[in-house]
Amino acid sequence: MPNKKISVKHIQIDKANQAVIIACAVASAVLVLGAFTSYALLKLNAHQGRVITENEKTLAQLVENIAIKEDIVQSYNLFTTTERNVLGGSTSGLAEGDKDGDNARLVLDALPSKYDFPALATSIETLLIRNNFSLTSFDGADDEINQQSQLLGIPIADAAETIETPEPSEGAIPGVIEIPFEVTVEKLTYQSSEILLGLLYQSIRPFNINRIQLSGSDSELDVLVSAHTYYQPSKTINISEKVIE
């Protein structure tokens, strides 16, 4: 076969074509890389914008909380340093009267922050005995474990015994939890029965009487009072972390 000679012009065209192909490949690679880089930068910029926005919200909330804290501290100091408390007693307690004590203690006595059933039993027993009443029995369910589990969101299905929480009574106050109980006092007259109920109504701790049952003779009555009081769980400050996507 005769040898075909490739002309110089043809070689130059082939080299030009190769250069164009290489240039197009490089341009395509640069374009794709630029697109990915631009997308990453835009995504990073959007993320940083969200982070800055959340930081600004957090800072504004902190500034507001600090201002509120100062108002709370000032109000608390004014509330607890008055000469006479809300009951008209001495805040110093030097007179050791039933109405003495600082306002903060009186508020906690009226509405405790914990479901402390033994403390409730002791306070009622002290109140009755101090006023010469003969306490026969004090009954109720010590539901402290169940209450704490509900507040913390911890299941108690594995507990050995679960006390059923009673349904709130009609007109229940939002934010407070009822503590039902029954107290029996013996050897009363109608007059002393009225005094007994007056003691419960005049107590610093609110008692809502559901039922009163009288048994015995006119001069020697046994009185069963079914009632409930309240406690309000204390507020907690939860500092949480938020992941910005």
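Positions are given from 1 along the sequence. Scope of the values below: all heavy atoms of this structure, side chains included, with no hydrogens, waters or symmetry mates.
- No single ILVMFWY cluster, assembled from side-chain heavy atoms under 4.5 Å apart, contains both Leu224 and Val185.
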For residues 36-48, dump all side-chain donor-acceptor pairs below 3.5 Å to protein atoms at least two apart in sequence or in another chain.
residue : atom : partner : partner atom : Å
Thr37   : OG1  : Leu33   : O            : 2.7
Ser38   : OG   : Gly34   : O            : 2.7
His47   : NE2  : Ile244  : O            : 3.1

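- Legend: salt bridge (charged side-chain N to carboxylate O under 4.0 Å, His left out) pairs involving residues 61-74, not counting sequence neighbours: none detected.
- Take Asn55 and apply the side chain to side chain donor-acceptor pair (under 3.5 Å) test, not counting sequence neighbours, and it matches no residue.
- Counting heavy atoms from C-beta outward, Pro233 and Ile177 have side chains that approach closer than 4.5 Å.
- With sequence neighbours left out, Asp139 forms a salt bridge (charged side-chain N to carboxylate O under 4.0 Å, His left out) with no residue at all.
- A heavy-atom distance below 4.5 Å is found between the side chains of Phe133 and Leu188.
- For Asp222, the side-chain contact (heavy atoms from CB on, under 4.5 Å) partners are Glu186, Ser215, not counting sequence neighbours.
- Using a 4.5 Å heavy-atom threshold, the side chains of Thr184 and Phe138 count as separate.
- How far OH of Tyr115 is from CD of Glu178: 10.0 Å, rounded to the nearest 0.5 Å.
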Test side-chain contact (heavy atoms from CB on, under 4.5 Å) on Val107 and Phe79 and set out the steps.
CA-CA 11 Å; Val107 169; Phe79 184 64; 3.9 Å; yes
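- Note on Tyr190: it clusters hydrophobically with Ile209, by side-chain heavy-atom contacts below 4.5 Å among ILVMFWY residues.
- The shortest heavy-atom contact between Pro112 and Asp109 is CD-O, 4.1 Å.
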Identify each donor-acceptor pair in which a side-chain atom of residues 191-207 lies under 3.5 Å from a protein atom, sequence neighbours left out, and give them as a table.
residue : atom : partner : partner atom : Å
Ser192  : OG   : Thr189  : N            : 2.7
Ser192  : OG   : Thr189  : O            : 3.0
Ser192  : OG   : Thr189  : OG1          : 3.1
Ser193  : OG   : Thr189  : O            : 2.7
Ser203  : OG   : Arg205  : N            : 3.2
Ser203  : OG   : Arg205  : O            : 3.4
Arg205  : NE   : Thr229  : OG1          : 3.2
Arg205  : NH2  : Tyr230  : O            : 3.2

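- Residues satisfying the side-chain contact (heavy atoms from CB on, under 4.5 Å) test with Ser217, not counting sequence neighbours, are Ser219, Glu220.
- Applying the salt bridge (charged side-chain N to carboxylate O under 4.0 Å, His left out) definition to pairs two or more places apart or across chains, none involves residues 17-33.
- In terms of hydrophobic clustering, with Ile, Leu, Val, Met, Phe, Trp and Tyr side chains grouped at heavy-atom distances under 4.5 Å, Ile212 and Val183 are assigned to a common cluster.
- Residues passing the side chain to side chain donor-acceptor pair (under 3.5 Å) test with Asn131, sequence neighbours excluded: none.
- For the atom pair Asn85 CG and Leu106 CG, the distance stands at 5.0 Å (nearest 0.5 Å).
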Under 3.5 Å, which donor-acceptor pairs link side chains of residues 117-126 to any protein atom two or more places apart or in another chain?
residue : atom : partner : partner atom : Å
Thr122  : OG1  : Pro118  : O            : 3.0
Ser123  : OG   : Ala119  : O            : 3.3
Ser123  : OG   : Leu120  : O            : 2.8
Thr126  : OG1  : Thr122  : O            : 2.8

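- Looking at Ser113 and Gln232, their side chains never come closer than 4.5 Å, going by heavy atoms from C-beta outward.
- Annotation: side chain to side chain donor-acceptor pair (under 3.5 Å) contacts of Gln61 (sequence neighbours excluded): Asn65.
- The line from NE2 of His228 to CG of Asn208 is 3.5 Å long, rounded to the nearest 0.5 Å.
- Annotation: side-chain contact (heavy atoms from CB on, under 4.5 Å) contacts of Asp102 (sequence neighbours excluded): Ala104, Arg105.
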